[in-house]
Amino acid sequence: MEHDRDVKAGLPKCSQKCDPPCADSAIDILVYITQSKAFELNAFQDEIAQQPAALRHMLARYAGGRMEHLVGRIGTPRRVLIAGMGASFHAALWATHVLQARGIWAIAVEASELLHFSRLLFEGNDCVIVISQSGASAEILPLLDIVPPGVPVIGITNHPDGALGSASTVVLPIEAGAEATVASKTYLNTLACLWLLAEAWRPGEASDSILSRVPDAVEAIVDAREAIGSLWLERLSSIERLYFVGHGPHVATARQGAMMMGEWVKRPAIAAGIGAFRHGLIEVADEHCAVVVLGSGGVTARSTADLSAELAAYGTTVLAVSEGQVVHPARPPVRHFGELLSPLLDVVPMQVFAETLARTLGLEPQFRRIAKVVRSI
């Protein structure tokens, strides 16, 4: 498609006057914005860029056996219930797979559902983990009031002096620093904190050394954010329907990706397990649909490759993602991290895409309907 240039504004203008901008003009606008001398990072961009440093800071604070010291008096549980909302719930969902891989029974439930319909799930657990970045969301105090007596509560929060920290048996600060927009630093630091907790309970082979390499890998993705944003924008910006899918721990990443699209881009996206997608949602697959497939090259490599090939045959745009990189779904590169750590990397390009698309569409970099701390149940 040919484009004219608005001489006064310096911005490319689609000759077809597409609204919203077509994919070609959107990329041109992105290049103009990012190269402009007047360009400044918005808060979300800034927080994305801070993630490697925030991770390193948290890992340093827990070095030298601090995690083992903090949770030592609780002992290693046999059964764990994990609660949270939004990004905190997605972290909880991921953590169940990390704990199960170490032989610890674990289930994640949204805090609001524990309040209303699922109180029976408290029974039989040796430990309850409550995750809240603010430590003050609407569900926290009511939830803590119904934890059975004698069951230790581990609070994971970015504000250890808040309500959650004060009421917890053990509080684990995620040390992410101030965050005003979409959960980015707090999300990655929560995952890393949960990994350290699982490691303290049931050490895995070389787990510490693997986690210590994650900040460098995140930094490499952040450093390439302009190229990543352009690639994802080129593939996905003109798509009418967007889905994020995966198996197991990758479902948590899929949910986080879809939620960020709503929060920041103000466009709906749907997350699903690949099994659930195949059992109904695949009916939407056509040339107007895109699916981000997570988990390529992992335990479910055959499933992700088969789904990707089938979707491509329907004309659907497919982005297969592994360790934060867009890969060929049938020939993904060798993994440098265990599959359970891949979600710490996979979510970063999704952050970059959400921020890039919102900026390209000219959206104000802020929330419209919610605040950083949700006060209503």
Side-chain angles (χ1 to χ4, degrees), residues 41 43-68 70-71 84 86-88 90-95 97-98 129 131-135 154-160 171-200 203-204 206-225 228 249-250 252-253 256-257 260 321-325 335-355:
L41 295 181
F44 188 22
Q45 285 178 291
D46 197 23
E47 288 163 2
I48 291 172
Q50 292 171 17
Q51 289 177 113
L55 272 172
R56 291 186 182 104
H57 174 69
M58 195 208 74
L59 293 178
R61 292 296 298 271
Y62 282 101
R66 184 185 179 208
M67 179 66 76
E68 290 81 355
L70 288 172
V71 301
S88 294
H90 303 156
L93 194 61
W94 170 82
H97 298 281
V98 176
I129 300 173
I131 307 171
S132 172
Q133 294 151 15
S134 68
I154 296 178
I156 297 180
T157 179
N158 202 34
H159 297 274
V171 59
L172 301 178
I174 60 173
E175 307 282 358
E179 185 179 76
T181 65
V182 174
S184 54
K185 295 188 298 178
T186 53
Y187 185 67
L188 286 197
N189 277 31
T190 298
L191 298 186
C193 185
L194 286 161
W195 181 274
L196 290 174
L197 174 60
E199 181 68 10
S207 289
D208 281 340
S209 61
I210 293 174
L211 185 61
S212 68
R213 302 202 313 267
V214 169
D216 288 347
V218 171
E219 187 167 49
I221 299 171
V222 169
D223 288 346
R225 59 189 177 274
I228 291 170
H250 305 293
T253 314
Q256 182 67 9
M260 287 190 294
V321 178
S322 177
E323 296 191 350
Q325 307 297 321
R335 287 180 176 271
H336 299 288
F337 298 89
E339 184 163 10
L340 290 174
L341 279 176
S342 186
L344 279 80
L345 306 178
D346 295 337
V347 73
V348 181
M350 297 180 189
Q351 299 165 355
V352 172
F353 172 58
E355 190 287 319

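These values consider heavy atoms only, across backbone and side chains, with no hydrogens, waters or symmetry-generated copies.
Residues H97 and L340 meet the side-chain proximity criterion, which asks for heavy atoms closer than 4.5 Å. Counting only heavy atoms from C-beta outward, the side chains of Y187 and Q51 never approach each other to under 4.5 Å. For the pair V218/L188, a side-chain contact is recorded, criterion being any heavy-atom separation below 4.5 Å from C-beta on. Looking only at side-chain heavy atoms (C-beta outward), L41 and I48 stay at 4.5 Å or farther from each other. For the pair T157/I131, no side-chain contact is recorded, criterion being any heavy-atom separation below 4.5 Å from C-beta on. A heavy-atom distance below 4.5 Å is found between the side chains of P173 and Y62. Under the 4.5 Å side-chain criterion, counting only non-hydrogen atoms from C-beta, I210 is not in contact with H336. Between E339 and H250, some side-chain heavy-atom pair lies under the 4.5 Å cut-off.
The two residues D346 and S322 make their nearest non-hydrogen contact at OD1-C, 3.5 Å. Contact record, V171 with L70: O-CD1, 4.5 Å, taken as the closest heavy-atom pair. For the pair L211 and A192, the tightest heavy-atom approach, listed with the atom from each and the gap, is CD2-O, 4.1 Å. Closest heavy-atom contact between P343 and T253: CB-OG1, 3.3 Å. Between M67 and L196, the closest heavy-atom pair is CG-O, 3.6 Å. Counting all heavy atoms, side chain and backbone alike, Q133 lies closest to A87 at NE2-CB, 3.5 Å.
Between the R66 side chain and the A63 main chain, no donor and acceptor come within less than 3.5 Å of each other. No donor-acceptor distance shorter than 3.5 angstrom exists from the side chain of N158 to the backbone of A178, with no hydrogens or angles considered.
Residues forming a side-chain hydrogen bond (donor to acceptor under 3.5 Å, both in side chains) with E323 (at least two apart in sequence, or on another chain): none. Not counting sequence neighbours, the partners of D216 by the side-chain hydrogen bond (donor to acceptor under 3.5 Å, both in side chains) test are R56.
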Next item on the list: Would you please test M260 and M350 for side chain to side chain contact (heavy atoms under 4.5 Å, CB included) and show each step?
Entry: CA-CA 8 Å; M260 287 190 294; M350 297 180 189; 3.7 Å; yes
Note to self: Go through it in stages, so that I can follow the logic: the residues are I154 and L197, the test is side chain to side chain contact (heavy atoms under 4.5 Å, CB included), and I'd like the CA-CA distance, side-chain angles, deciding distance and then a yes or no.
What the structure shows: CA-CA 10 Å; I154 296 178; L197 174 60; 4.2 Å; yes
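E47 and T181 are linked by a side-chain donor-acceptor pair at a separation below 3.5 angstrom, with hydrogens and angles left out of the test.
To the nearest 0.5 Å, atom CG of residue L344 and atom CH2 of residue W94 are 5.5 Å apart. The distance from the OG atom of S184 to the CG atom of N189 is 9.5 Å, given to the nearest 0.5 Å. In this structure, CG on L191 lies 9.5 Å from CE on M58, to the nearest 0.5 angstrom. Atom CD1 of I221 sits about 6.0 Å away from atom CD1 of I228, to the nearest 0.5 Å. The line from CZ of R61 to CD of E175 is 4.0 Å long, rounded to the nearest 0.5 Å. In this structure, the separation between CG on L59 and SG on C193 is 10.0 Å, given to the nearest 0.5 Å.
Using a cutoff of 4.0 Å between basic side-chain nitrogens and carboxylate oxygens, K185 and E179 are not scored as salt-bridged.
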